[in-house]
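Atoms considered below: every heavy atom in the structure, side chains included; atoms not considered: hydrogens, waters and symmetry mates. Indexing begins at 1, ligand by ligand and atom by atom, following the structure's order. Nothing fancy with the numbering, it's 1 onward along the sequence.
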Amino acid sequence: MTRILIINGPNLNLLGKRQPEVYGHTTLSDIETMCQEKVANSDVSLTFFQSNHEGAIIDTIHAAMENGTDGIIINAGAYTHTSVAIMDAVASVSLPTIELHLSNIHAREEFRHTSYLARVAVGQICGFGAYGYICAIDALRHHVTKT
Ligand code: DQA
């Protein structure tokens, strides 16, 4: 079993209502349902976590080191562009981590082009909207199992 932790950061609890022209109409709960349906009866299990608080995200990354998590998918929202602390947490736990964004951050404002997480992630998926979560699960499973 490959155990994947999916972390969503600030403002992602508002998906569906928040700037739908940028982030789409799918809610975070819809995304979780879609992902859980994708992995049903497979060798992947998913745990979802969302917080608007940097420290809570860091605590959850630390806990992943102890609770059997095999890899992390993180959409850190705006913390992507600001948080050395979340970058350090990912580096500290040495779990393969995929950076994820709904929007193509490189096609947006200059300040979104910088990602601290990119320095410590296996790779980055962005620009595919909610489908990016499915891509990230496949990519992380492949990275962990090599199958
Ligand atoms: C985001 C992109 C970030 O720049 C932004 O701050 C978000 C969402 C995305 O999923 O496209 O909150 O991570």
Linking I/L/V/M/F/W/Y whenever their side-chain heavy atoms sit closer than 4.5 Å, directly or via other members, would Val144 and Leu46 fall into one cluster?
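Yes; Leu46 is reachable from Val144 via cluster members.
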Using the rule that two of Ile, Leu, Val, Met, Phe, Trp, Tyr join whenever any of their side-chain heavy atoms come within less than 4.5 Å, decide whether Ile57 and Ile72 are in one cluster.
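Cluster IDs for Ile57 and Ile72 match.
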Test: side chain to side chain donor-acceptor pair (under 3.5 Å). Region: residues 79-96. Which pairs qualify, not counting sequence neighbours?
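Those involving residues 79-96 are Glu54-Ser83.
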Can you confirm whether Tyr131 is buried at OH, in the sense that more than 12 heavy atoms of other residues, nucleotides or ligands lie under 6.0 Å from that atom?
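Not more than 12 within 6.0 Å, no.
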A quick test of your reading: do over 12 heavy atoms of other residues, nucleotides or ligands sit less than 6.0 Å from CZ of Arg108?
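Above 12, so yes.
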Between Asp30 and Thr27, do the side chains contain an N or O donor and an N or O acceptor separated by less than 3.5 Å?
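Yes, Thr27 and Asp30 have a side-chain donor paired with an acceptor closer than 3.5 Å.
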Which N or O atoms of ligand 1 sit under 3.5 Å from a protein N or O, and how far apart is each pair?
{"unit_1": "ligand 1", "atom_1": "4 (O)", "unit_2": "His81", "atom_2": "NE2", "d": "2.7"}
{"unit_1": "ligand 1", "atom_1": "4 (O)", "unit_2": "Arg112", "atom_2": "NH1", "d": "2.9"}
{"unit_1": "ligand 1", "atom_1": "6 (O)", "unit_2": "Ala78", "atom_2": "N", "d": "3.1"}
{"unit_1": "ligand 1", "atom_1": "6 (O)", "unit_2": "Arg112", "atom_2": "NH1", "d": "3.1"}
{"unit_1": "ligand 1", "atom_1": "10 (O)", "unit_2": "Asn75", "atom_2": "ND2", "d": "2.9"}
{"unit_1": "ligand 1", "atom_1": "10 (O)", "unit_2": "Leu102", "atom_2": "N", "d": "2.8"}
{"unit_1": "ligand 1", "atom_1": "11 (O)", "unit_2": "Leu102", "atom_2": "N", "d": "3.3"}
{"unit_1": "ligand 1", "atom_1": "11 (O)", "unit_2": "Ser103", "atom_2": "N", "d": "2.9"}
{"unit_1": "ligand 1", "atom_1": "11 (O)", "unit_2": "Ser103", "atom_2": "OG", "d": "2.6"}
{"unit_1": "ligand 1", "atom_1": "12 (O)", "unit_2": "Arg18", "atom_2": "NH1", "d": "3.1"}
{"unit_1": "ligand 1", "atom_1": "12 (O)", "unit_2": "Arg18", "atom_2": "NH2", "d": "3.0"}
{"unit_1": "ligand 1", "atom_1": "13 (O)", "unit_2": "Asn75", "atom_2": "OD1", "d": "2.8"}
{"unit_1": "ligand 1", "atom_1": "13 (O)", "unit_2": "His101", "atom_2": "ND1", "d": "2.8"}

